[in-house]
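In what follows, a single structure is set out as structure tokens and then discussed.
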Amino acid sequence: MKLSQDRLNEFQENGYLVIPDLFSAEEIAEIRSAMDRVFEQDDPANIREKKSGSVRTAMGLHLRDALFAKLVRHPRLIEPAQQIAGDELYVQQVKINVKVAFEGEQWQWHQDFSTHHHDDGVPEPLALNLHIFLDDVTQFNGPLYFFRGSQRFGSVATRHDTETTSYALWVVEQDKVREIAEGCELVAATGKAGTALIFGDCLVHGSPPNMSPWNRAIFSLIVNPVANAYTQVTRKDHHHHRDLTPIEPLADDCLAAQPAA
Ligand SMILES: O=C(O)CCC(=O)C(=O)O
């Protein structure tokens with residue numbers, strides 16, 4: 001699937017794209033079944049909420065289930081990413097972030113690049129974060145908030161927050177967020193299950209706790225140009241995979257259930 005020039009321009013302007021209905025209800029059902037399988041595993045890559053103990057993020061998914069091994073090569077994700085970031089991309093991180101009804105906690109204001117740069121020595125903010133909504137995401141169940149156009153601030157100063165949630169994050173200080181808010185509209189990234197998001201490494205974003213009675217799960221694939229790979233290894237593999245083999249997209253129907261032999 002290729003993005004039109006208008007959509008590419010929109011990405012450059014806003015720092016993100018929302019693509020409604022990118023995946024069908026049947027495909028989302030397949031992905032959700034795989035999600036249930038990996039959540040049942042007793043695996044250190046299932047990281048739990050500090051307070052409730054429910055899964056907050058499950059990582060390394062393409063190495064844990066065959067469905068995710070296909071999803072990270074899906075042409076509806078990879079071809080648009082190649083248009084933006086170039087042909088030679090590797091799989092940097094593969095996860096599902098869940099915000100369980102009533103309990104899911106916040107993601108503080110951050111730029112993905114801070115973590116990629118500080119923790120993994122990624123030189124430039126060229127990685128892309130590709131999301132698929134596995135639930136309907138509304139204003140109520142903890143959607144991502146984007147400061148539209150905030151990528152224009154480039155890489156900003158951050159602080160390593162190991163306290164607020166169970167997932168350590170390099171966060172943008174409040175004074176900087178105030179400054180960014182003066183020039184950039186705040187938008188909630190909402191849509192039906194099957195909607196996709198693409199956003200860049202310097203977009204300032206976060207998400208509020210989920211106090212609604214509805215779960216919110218989002219699949220996230222981070223891809224990075226091979227030429228911009230990590231230069232240091234300080235974290236476990238599921239935070240930043242080390243295999244730099246360029247991703248080859250599969251056929252468009254790769255998620256369809258295989259007929260029984
Ligand atoms: O899942 C969320 O609410 C936040 C995810 C996020 O910030 C990210 O993928 O970088």
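First listed ligand is number 1; within each ligand, the first listed atom is number 1.
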ask   = Considering residues, nucleotides and ligands other than Lys236, do more than 12 of their heavy atoms fall under 6.0 Å from its NZ?
value = no

query = Quick check, are the ring centers of Phe147 and Trp109 under 6.0 angstrom apart?
reply = yes

ask   = Looking at Gln92, Arg242, Arg235, which hits side chain to side chain donor-acceptor pair (under 3.5 Å) with Asp120?
value = Arg235

Distance-only donor-acceptor check, side chains Asn141 and Ser212, under 3.5 Å = no

inquiry  = With a 6.0 Å cut-off on the ring centroids, do Phe146 and Phe199 count as close?
reply    = yes

query = Listing by chain and number, which residues have a heavy atom under 4.0 Å from ligand 1?
reply = Lys95, Asn97, Lys99, Trp107, His110, Asp112, Asn129, His131, Leu144, His205, Ser207, Arg216

request  = Go through the structure and list residues passing salt bridge (Lys or Arg N to Asp or Glu O under 4.0 Å) with Arg48, not counting sequence neighbours.
outcome  = none

